[in-house]
Visitor: 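Mind looking over this structure? Questions follow.
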Amino acid sequence: MRVVIEPDYEGMSRKAAAMVADLVRRKPDCVLGLATGSTPIGLYKELIRLSREDGLDFSRVTTFNLDEYHGLAPEHDQCYRYFMEKNLFEGLKTRPKRTSVPDGLARDVDGYCASYEKAIKDSGGIDLQVLGIGGDGHIAFNEPGSSLGSRTRLVVLTEETITDNSRFFASADDVPRFALTMGVATILEARKCLLLASGIKKSKVVREAIEGPVTSQITASALQLHPDTFAFLDEDAADLLELKDYYKHVEKMYGEHGVGRRAAVAATR
Ligand code: GLP
């Protein structure tokens, strides 16, 4: 895993956005996996800026979102479809050709989840997956105990996630108890993964995910098995990393020798 540590949230967001933009320029019909939560908002703002000021063209891009609350209609202002419209799609100069967010109102849940997996496969598979990390170490909504071989399915949210996410709802009682989520194995099939984390509150779980054992108790740790994952962190989120200085040295060496970018580019081909 490449660990890229930036002084602040803005720098981290710009670096991650540059990697997404680079892929969109080289492969205009790429498939992006997208995430919600407050962390990727800076990345999406930068993509909007690049689309409006730099001509970054999303018109041939396909997107798949990681997850959605179960039981919320697409118009609900806390559902992830609404989040994506407001924080990315509506702002872009050219909207992606196709955008998919799991349907939180799907009736035949198992059938729907299988069809979501098939749609990802039929699109050619996800070229680059954006990820945040939950307070309990989850990626998407793969809560502790999720099989590392899990696929898209219905999950029960933990109390910690409900409390964390209640800040966006009127009260914790309003947070749905279930969600549809891509599985850990679905995520690991993406050709490239970008894990974003910011703030001191995430520092402990970031250390567990990056430097701890691979375990279904911290599903983000499964990214250690992925051959092309970049973790983009701000200094606060990186605070507890034991090898922090080494990760900085690695990025400096790649930068000085001009190979970092090429290595990143080659890996997304
Ligand atoms: C939710 C989402 C995750 C996201 C997490 C962290 O639980 N399902 O995909 O990574 O929130 O959110 P934040 O970035 O706001 O800390």
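Just so you know, ligand 1 is whichever comes first in the structure, and atom 1 is the first atom listed for that ligand. Since the model is a prediction, treat every value here as computed from it, not as a measurement.
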Visitor: Decide salt bridge (Lys or Arg N to Asp or Glu O under 4.0 Å) for D54 and R25; before the verdict, give the C-alpha distance in whole Å, the side-chain angles of both, and the deciding distance to 0.1 Å.
Guide: CA-CA 11 Å; D54 234 23; R25 283 192 199 100; 3.8 Å; yes

Visitor: Compile the protein residues with any heavy atom at a distance under 4.0 Å from an atom of ligand 1; present them by chain, then by number.
Guide: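 Lining ligand 1: T36, G37, S38, T39, D67, Y80, G132, I133, H138, A140, F141, N165, R167, K202.
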
Visitor: Enumerate donor-acceptor pairs with a distance under 3.5 Å from any side-chain N or O in residues 198-210 to protein atoms, sequence neighbours excluded.
Guide:
| unit_1 | atom_1 | unit_2 | atom_2 | d |
| --- | --- | --- | --- | --- |
| S198 | OG | D234 | OD2 | 3.2 |
| K202 | NZ | I133 | O | 2.9 |
| S203 | OG | I200 | O | 2.7 |

Visitor: Could you walk me through whether D136 and T161 pass side chain to side chain donor-acceptor pair (under 3.5 Å), step by step?
Guide: CA-CA 7 Å; D136 62 6; T161 296; 3.3 Å; yes

Visitor: Less than 4.0 angstrom from a charged side-chain N to a carboxylate O is my criterion; do E85 and R95 meet it?
Guide: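 Yes, E85 and R95 are salt-bridged.
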
Visitor: Regarding R49 and E46, does a basic nitrogen lie under 4.0 Å from an acidic carboxylate oxygen?
Guide: yes

Visitor: Salt bridge check: are K45 and E10 linked by an N-O gap of less than 4.0 Å?
Guide: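 A salt bridge is absent here (no side-chain N lies under 4.0 Å from a carboxylate O).
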
